[in-house]
Amino acid sequence: MRGISIPTAIIRRFFQIEGIRKGMLMAFNLFISIIPLMIIAFALVSRVRNRISLSQVFIEQFHLSGETAGVVRGAFPPTRNIIKVASLIAVGSFALSGFDVASVFQRTFADAWNVKHYKGWRGPVRGGGWFAIVFATFAFGQLLQSVPAHHGAWTYIAVIPVVLVMHYWFWLMTPKLLLDKPLDRKDLRPGAILGMIGSTILWGLSLVILPGWFSWYGRGFGGIGIALAMLSWTYVVSIVWVVIVVISAIMWERSAPIDEVVEVSDAPTLNA
């Protein structure tokens, strides 16, 4: 393994684990689980507090105007309509989709690191815990994005360090939950730092790229175009996540003791 250059090893591993396909599956399940749950959660919170509309939050957060702002207003239903459909069955079905996200991401981690997949009850339990962390991270990230929109660009000085710390702990905890392999924290730090940087860059780029995507997709497809823009961005996020996992695995193989790497690599687990 170490005789192959790092870029070559990363590319080989990415396609070996079918990274594009896994990214697509993850993006689809994230889109049909995280986004509806966030919309329902927002509707519940806004009902208790000041009844603000989700469409208005999007318009202010991404500085939308004109035709695009009108399309966004039509794309999101009023809060009272969201509450009507926010039944236990609806929330449960969206949450179950989250387990698919966790399952795909767990297999991605296991295949990239060449370790066995979780069997029995441990997989769903750990996957459920990971999905809860993903949901909380997405929701808190959106909340942090709204701070500069309301209080000015200077607040990025305080917001960005919080985002960095949040993403670092997310990527530090994720392997412990999804990998059936004991790893020391020092083994996870390089991947956590890489994930922190990549995820924070995506967090910032969404504020730059999504307004243009909302405008382009919205003009072409109307309200459904807003959904297509969000799905496309979710796919970008998923692919970056898979790349982070692959790079983290390669970095561990280059730095871990040879005996540990050989022991893991000899296990017949890849694509099991």
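Below, all heavy atoms of this structure are taken into account, side chains as well, without hydrogens, waters or symmetry copies. Position 1 is the first residue of the sequence; numbering continues from there.
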**Prompt:** With sequence neighbours left out, what residues match Ser199 under side-chain hydrogen bond (donor to acceptor under 3.5 Å, both in side chains)?
**Reply:** Trp171
**Request:** For Ile157, check side chain to side chain contact (heavy atoms under 4.5 Å, CB included) against everything at least two apart and list the hits.
**Result:** none
**Item:** Pairing residues for Trp241 by the side-chain hydrogen bond (donor to acceptor under 3.5 Å, both in side chains) criterion, not counting sequence neighbours
**Value:** none
**Request:** Identify, with sequence neighbours excluded, every residue that meets side-chain hydrogen bond (donor to acceptor under 3.5 Å, both in side chains) alongside Tyr217.
**Result:** Ser232
**CG (Leu205) with more than 12 external heavy atoms under 6.0 Å** = yes
**Request:** To the nearest 0.5 angstrom, please state how far the CH2 atom of Trp252 sits from the CG atom of Asn114.
**Result:** 9.0 Å
**Prompt:** To the nearest 0.5 Å, what is the distance between CD1 (Ile244) and CD1 (Ile197)?
**Reply:** 9.5 Å
**Message:** For a 4.5 angstrom cut-off between non-hydrogen side-chain atoms, does Phe214 reach Met230?
**Reply:** yes
**Message:** List the residues meeting side-chain hydrogen bond (donor to acceptor under 3.5 Å, both in side chains) with Ser248, not counting sequence neighbours, and say none if there are none.
**Reply:** none
**Asked** Side-chain contact, heavy-atom cut-off 4.5 Å: Phe140 with Val163?
**Response** no
**Request:** Apply the ring pair (Phe, Tyr, Trp, His ring centres under 6.0 Å) test between Trp130 and each candidate in Phe105, Phe109, Phe135; give the one that qualifies.
**Result:** Phe105
**Item:** Side chain Arg126, main chain Leu179, donor-acceptor under 3.5 Å
**Value:** no
**Item:** Hydrophobic cluster membership, Leu210 vs Leu143, 4.5 Å side-chain cutoff
**Value:** yes
**Side-chain heavy-atom pair Val242, Ile17 within 4.5 angstrom cut-off** = yes
**Partners passing side chain to side chain contact (heavy atoms under 4.5 Å, CB included) against Phe28 (at least two apart in sequence or in another chain)** = Ile32
**Message:** Which residues pass the ring pair (Phe, Tyr, Trp, His ring centres under 6.0 Å) test with Trp233, not counting sequence neighbours?
**Reply:** Trp213
**Message:** I'd like to check the side chain to side chain contact (heavy atoms under 4.5 Å, CB included) partners of Leu207; sequence neighbours left out, ordered by chain and number.
**Reply:** Gln61, Phe62, Gln145, Tyr156
**Request:** For Leu30 and Ser238, work out which heavy atoms get closest and say how close.
**Result:** CD1-OG, 3.7 Å
**Prompt:** Which heavy atom of Tyr235 sits nearest a heavy atom of Ala27, and at what distance?
**Reply:** CA-CB, 3.4 Å
**Request:** Only counting residues at least two apart or in another chain, list the ones meeting side chain to side chain contact (heavy atoms under 4.5 Å, CB included) with Ser215.
**Result:** Thr68, Arg219
**Message:** What's the separation between atom NE2 in His167 and atom CG in Leu172, rounded to the nearest 0.5 Å?
**Reply:** 14.0 Å
**Prompt:** Got a second to check how far Trp113's CH2 is from Ile250's CD1, nearest 0.5 Å?
**Reply:** 10.0 Å
